[in-house]
Structure formats: structure tokens, C-alpha cells
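In what follows, a single structure is set out as C-alpha cells and then discussed.
Each chain gets a letter, A, B and so on, in the order its sequence line appears, and its residues count up from 1. Computed from a predicted model, the values in this text were never measured in an experiment.
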Amino acid sequence: MTPLDRAFYSREPAAVARGLLGKRLARKIDGITMSGVIIETEAYGSSDDPASHAHRGMTGRNRAMFGEVGRAYVYFTYGMHYCMNVVARRGRSDAGAVLIRAIRPELGAAQMSKNRNGRAAISDGPAKLTQAMRISAEQYGEDLTRRGALYIAEGPRIRSITASPRVGIRRGTDLLWNFKVK
DNA sequence: GGCGCGATTCCCT
DNA sequence: GGGAATCGCGCCC
């Protein structure tokens with residue numbers, strides 16, 4: 001599987017979010033490969049996006065959003081969950097990212113279920129996804145354009161995309177920046 | 001230094 | 001449909 005190159009992520013987060021649908025997220029741990037096709041994403045901007053972690057400028061947590069595109073921005077929330085983003089922004093903007101919310105499992109589905117205490121559901125929520133693929137703070141800043149322990153690669157063509165308001169946010173609900181494979 | 005709450009999930013009713 | 005779990009971050013005092 002060939003990783004997407006860095007130029008892919010040097011665009012508006014919304015364009016990257018759409019573009020990531022149908023791509024493959026790959027994770028390798030202890031010789032086991034887990035992968036799945038990305039089927040839901042959300043775009044987050046910078047100071048212009050009130051729902052974004054980058055809205056009020058750079059902090060210790062969100063600094064990855066201001067760093068090199070194509071790297072992972074992983075954050076910890078609700079005292080127990082991790083969510084994974086890919087840093088993406090067009091040259092002029094100073095920060096941005098795309099939240100990976102769901103995948104359709106391919107390789108290693110059994111291992112992913114095992115990582116979720118035997119639960120079958122691993123494809124319908126951002127924190128379920130990170131738990132299934134064992135993605136945590138250790139992956140903060142990891143380069144997803146290289147064929148390493150965590151990366152994103154080409155995938156199958158998809159038919160169509162639906163755009164909706166982002167999930168679980170209070171502001172910026174006017175933007176249709178949640179994207180799903182129809 | 002203290003406090004409120006979150007880009008969530010699970011389990012109960 | 002609602003509340004608990006659980007804690008680091010971000011903002012205010």
C-alpha cells in the first residue's frame with residue numbers, strides 16, 4: 001500500500017476530509033497489520049473555525065495542528081478517550097486538521113475487536129477507532145506519509161459523499177464539514 | 001491555584 | 001433519552 005504524499009494534505013481541511021474518504025488507514029503492531037477504509041471524516045480549521053481546537057491559538061495540546069501537514073494530531077478527551085486527526089491546511093492558514101471518525105475494517109478485524117474487549121463495533125466513532133487500532137498519545141506527531149506503524153494509503157474508489165454538520169460541537173454548526181461515504 | 005467541561009462511549013431505563 | 005466514567009487542558013481568579 002502506497003502512502004499518500006504530503007501534498008495531499010496541503011489543501012483546505014474540508015477538501016482533505018472529502019479526499020480521505022475511501023483511503024486506507026493502516027496500523028502495524030507486533031507484526032500484526034490492521035487496516036480499514038475511511039468512511040467518515042470531519043474538517044477543523046483555525047481561528048476562523050469556532051469549533052476547532054486551534055480556534056484560540058496554539059497551546060500545548062494542539063501544537064501539532066500548527067505543525068507539518070500529514071502528521072497525526074491525537075488528543076485525549078473525557079478523561080478516557082483518544083481521537084485521531086491528520087494535520088491538513090492550505091499554505092496561507094496557520095492550522096487545521098481532519099478527524100478520522102470511522103473506518104470499514106479490512107485486515108486484522110479480529111485483532112481490532114479484541115482490542116475493544118471483544119466488541120464488534122469499531123467503525124462508528126472516533127474513540128472506538130483509536131481503541132481498536134491502539135492509537136494513543138504515543139502516536140502524537142507521527143508522520144502518516146511514511147510506511148511506518150501508522151499511515152494512510154490509497155484505497156478503493158467511492159461512489160458518493162454526504163456532508164452534514166459536525167458531531168458533538170456547539171459552535172460552527174452552520175458548516176457542513178462532516179463527510180461520510182454514502 | 002482552582003474549576004468547568006469536552007471533536008465520547010457505555011449502560012441503564 | 002439520560003447519566004456516569006474520568007482527567008488534562010484552558011481560562012479565569
(request) Sugar-phosphate means primed atoms, P, OP1 and OP2; the rest is base. With that split, encode nucleotides 3-13 of chain C 5' to 3' as B, S or - using protein heavy atoms under 4.0 Å. (result) --BBB-SSS--
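- Using a 4.5 Å cut-off on side-chain heavy atoms (C-beta onward), A:Gln139 and A:Met84 make no contact.
- For A:Arg11, the side chain to side chain donor-acceptor pair (under 3.5 Å) test picks out no residue, with sequence neighbours left out.
- Identified under the salt bridge (charged side-chain N to carboxylate O under 4.0 Å, His left out) test for residues 111-125 of chain A, with sequence neighbours left out: A:Asp124-A:Lys128.
- For the side chain to side chain contact (heavy atoms under 4.5 Å, CB included) with A:Arg61, the qualifying choice from A:Phe76, A:Tyr140, A:Tyr75 is A:Tyr75, the only one to do so.
- The distance between atom NE2 of A:His55 and atom C1' of B:dA7, rounded to the nearest whole Å, is 15 Å.
- Note: CE (A:Met84) to P (B:dT8) measures 16 Å, nearest angstrom.
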What N/O pairs connect the protein and nucleotides 11-13 of chain B at under 3.5 Å? Give each pair on its own line.
from, atom 1, to, atom 2, distance (Å)
B:dC11, OP1, A:Arg119, NH2, 3.2

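- No side-chain heavy atom of A:Val74 sits under 4.5 Å from any side-chain heavy atom of A:Thr130.
- Residues satisfying the side chain to side chain donor-acceptor pair (under 3.5 Å) criterion with A:Arg27, sequence neighbours excluded, are absent altogether.
- Listed by residue number, the members of residues 165-175 of chain A with any heavy atom below 4.0 angstrom from DNA chain B are A:Val167, A:Gly168, A:Ile169, A:Arg170.
- Legend: salt bridge (charged side-chain N to carboxylate O under 4.0 Å, His left out) pairs involving residues 153-169 of chain A, not counting sequence neighbours, sorted by first then second residue: A:Asp49-A:Arg166.
- Note on residues 88-104 of chain A: pairs passing salt bridge (charged side-chain N to carboxylate O under 4.0 Å, His left out), not counting sequence neighbours, are A:Glu12-A:Arg90, A:Glu40-A:Arg101, A:Glu42-A:Arg101.
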Using nucleotides 2-5 of chain B, report all nitrogen or oxygen pairs with the protein that are shorter than 3.5 Å.
none

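- Pairs of Watson-Crick or G-U wobble type, with distances under 3.5 Å, assemble into runs of 3 or more in DNA chain C at these ranges: B:1-6 with C:7-12, B:8-12 with C:1-5.
- Computed from coordinates, the A:Asp124 CG to B:dT8 C1' distance equals 11 Å when rounded to whole Å.
- Proximity of A:Met112 to A:Ile103: side-chain heavy atoms (C-beta onward) are separated by under 4.5 Å at one or more points.
- Listed by residue number, A:Leu99, A:Arg101 are the residues of residues 88-103 of chain A with a heavy-atom contact under 4.0 Å to DNA chain B.
- With sequence neighbours excluded, the residues satisfying side chain to side chain donor-acceptor pair (under 3.5 Å) with A:Glu68 are A:Arg6, A:Arg71.
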